[in-house]
Amino acid sequence: MSTVIHDFVDACRAGTNPRTICRVHSGWAVLGESQFLRGYSLIYPEPVVSDLNALAHDERKTLLHEASVLGDALLERTGAIRCNYEILGNLAPALHVHVFPRFADEPAALATQPVWSYDWDAGPAFDAERDAALQHDIAAYLRNTGIAL
């Protein structure tokens, strides 16, 4: 079964996904299509698998470790106060890890809510020009930690 995640990974591999931050051992680090929280990122595994349990134990460790290091990069490079991590796979049944930086200045009504409470369409969309410096900074952080290829 082909999903939008398969398409995104194909575009990362081809060098045509402008949201790509860098290749990591477990797959691809990318910025989210919506940047309602500045720096919202994902990791798409390479190759695409259906869910976390479809990975061997060592592959799971690598993916989850790299997601946490991506979170470290977001904390340092965006000024976020914490990160939320989610693996759902309900809409696109292919494994992908969401990493959401959370900020001190979020609206009070949303600050303690799951990110799904936000109006994703009202937030700014990824912008290659605006977000290039952040992509570069995150990639540099990931290279310095040894997880970027």
Side-chain angles (χ1 to χ4, degrees), residues 3-106 110-116 118 120 123-149:
T3 68
V4 67
I5 303 302
H6 288 84
D7 295 341
F8 290 153
V9 169
D10 288 344
C12 289
R13 196 180 303 122
T16 59
N17 185 339
R19 297 183 300 109
T20 302
I21 297 169
C22 64
R23 178 77 160 91
V24 294
H25 295 278
S26 63
W28 299 92
V30 301
L31 284 179
E33 290 179 281
S34 176
Q35 288 292 299
F36 64 98
L37 291 168
R38 183 175 178 270
Y40 159 51
S41 300
L42 302 98
I43 293 184
Y44 301 137
E46 172 80 68
V48 178
V49 296
S50 60
D51 56 74
L52 187 62
N53 300 95
L55 294 175
H57 288 276
D58 286 345
E59 293 169 324
R60 293 178 200 180
K61 287 185 215 178
T62 299
L63 173 66
L64 295 174
H65 171 71
E66 290 180 348
S68 73
V69 175
L70 177 56
D72 292 337
L74 294 173
L75 290 170
E76 182 176 298
R77 304 301 169 122
T78 67
I81 58 172
R82 70 180 176 281
C83 285
N84 294 157
Y85 303 85
E86 294 199 36
I87 299 173
L88 302 169
N90 299 327
L91 185 59
L95 180 59
H96 54 288
V97 180
H98 299 269
V99 184
F100 298 104
R102 302 302 299 260
F103 298 92
D105 63 352
E106 289 181 53
L110 296 170
T112 60
Q113 297 300 309
V115 296
W116 310 107
Y118 273 86
W120 287 41
F126 168 82
D127 180 280
E129 186 175 321
R130 181 198 66 219
D131 297 325
L134 181 58
Q135 284 175 292
H136 178 269
D137 288 349
I138 295 169
Y141 186 100
L142 299 179
R143 275 192 304 278
N144 288 339
T145 64
I147 71 167
L149 300 179

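The first residue in the sequence is number 1, and the count goes up from there.
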Test your reading of the model: is there a side-chain donor-acceptor pair from [X] to the backbone of [Y], 3.5 Å cut-off?
X      : Y     : value
Glu59  : Leu63 : no
Glu46  : Ser26 : no
His98  : His96 : no
Gln135 : Thr20 : yes
Glu66  : His25 : yes
Glu76  : Ala73 : no
Arg19  : Leu31 : yes
Ser41  : Val99 : no
Arg60  : Asn53 : yes
Trp28  : Ile21 : no

Exercise: identify the closest heavy-atom pair between [X] and [Y]:
X      : Y      : answer
Ile5   : Tyr44  : CD1-CE2, 3.8 Å
Leu134 : Gly39  : CD2-CA, 3.7 Å
Leu42  : Gly32  : CD1-CA, 3.7 Å
Val48  : Ala94  : CG1-CB, 3.6 Å
Cys12  : Asn17  : SG-ND2, 3.6 Å
Ala80  : Pro101 : CB-CB, 3.6 Å

Item checked: Residue Leu91 excluded, over 12 heavy atoms near CG under 6.0 Å ->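 12 or below, so no.
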Checklist line | Short side-chain donor-acceptor distance under 3.5 Å, His65 and Thr62 | finding: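 Looking only at side-chain atoms, His65 and Thr62 do not form any donor-acceptor pair under 3.5 Å.
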Notebook entry, point to check: So Glu86 and Val97, side-chain contact (heavy atoms from CB on, under 4.5 Å) or not? Walk me through it.
Noted result: CA-CA 6 Å; Glu86 294 199 36; Val97 180; over 6 Å; no
Next item on the list: Could I get the full list of salt bridge (Lys or Arg N to Asp or Glu O under 4.0 Å) partners for Arg143, not counting sequence neighbours?
Entry: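 Once residues adjacent in sequence are excluded, Arg143 has no partner under the salt bridge (Lys or Arg N to Asp or Glu O under 4.0 Å) criterion.
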Is there side-chain contact between [X] and [Y], with heavy atoms separated by less than 4.5 Å?
X      : Y      : result
Leu64  : Ile87  : yes
Ser34  : Phe126 : no
Leu149 : Cys22  : no

Interatomic distance, [X] atom [atom1] to [Y] atom [atom2] [nearest 0.5 angstrom]:
X     : Y     : atom1 : atom2 : answer
Arg38 : Arg77 : CZ    : CZ    : 11.0 Å
Leu95 : Leu88 : CG    : CG    : 10.5 Å
Asp7  : Thr3  : CG    : OG1   : 7.0 Å
Tyr40 : Gln35 : OH    : CD    : 9.0 Å

Next item on the list: Go through the steps to decide whether Phe103 and Ile81 satisfy the test side-chain contact (heavy atoms from CB on, under 4.5 Å), and finish with yes or no.
Entry: CA-CA 5 Å; Phe103 298 92; Ile81 58 172; 5.7 Å; no
Next item on the list: Using the side chain to side chain contact (heavy atoms under 4.5 Å, CB included) rule, pick out the option among Ile138, Thr145, Asn144 that qualifies with Tyr141.
Entry: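 It is Thr145, the one option of Ile138, Thr145, Asn144 that forms the side chain to side chain contact (heavy atoms under 4.5 Å, CB included) with Tyr141.
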Next item on the list: Test Phe100 against every option in Tyr85, Trp116, Tyr118 by the ring pair (Phe, Tyr, Trp, His ring centres under 6.0 Å) rule and name the one that passes.
Entry: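 In the set Tyr85, Trp116, Tyr118, the residue that makes a ring pair (Phe, Tyr, Trp, His ring centres under 6.0 Å) with Phe100 is Trp116.
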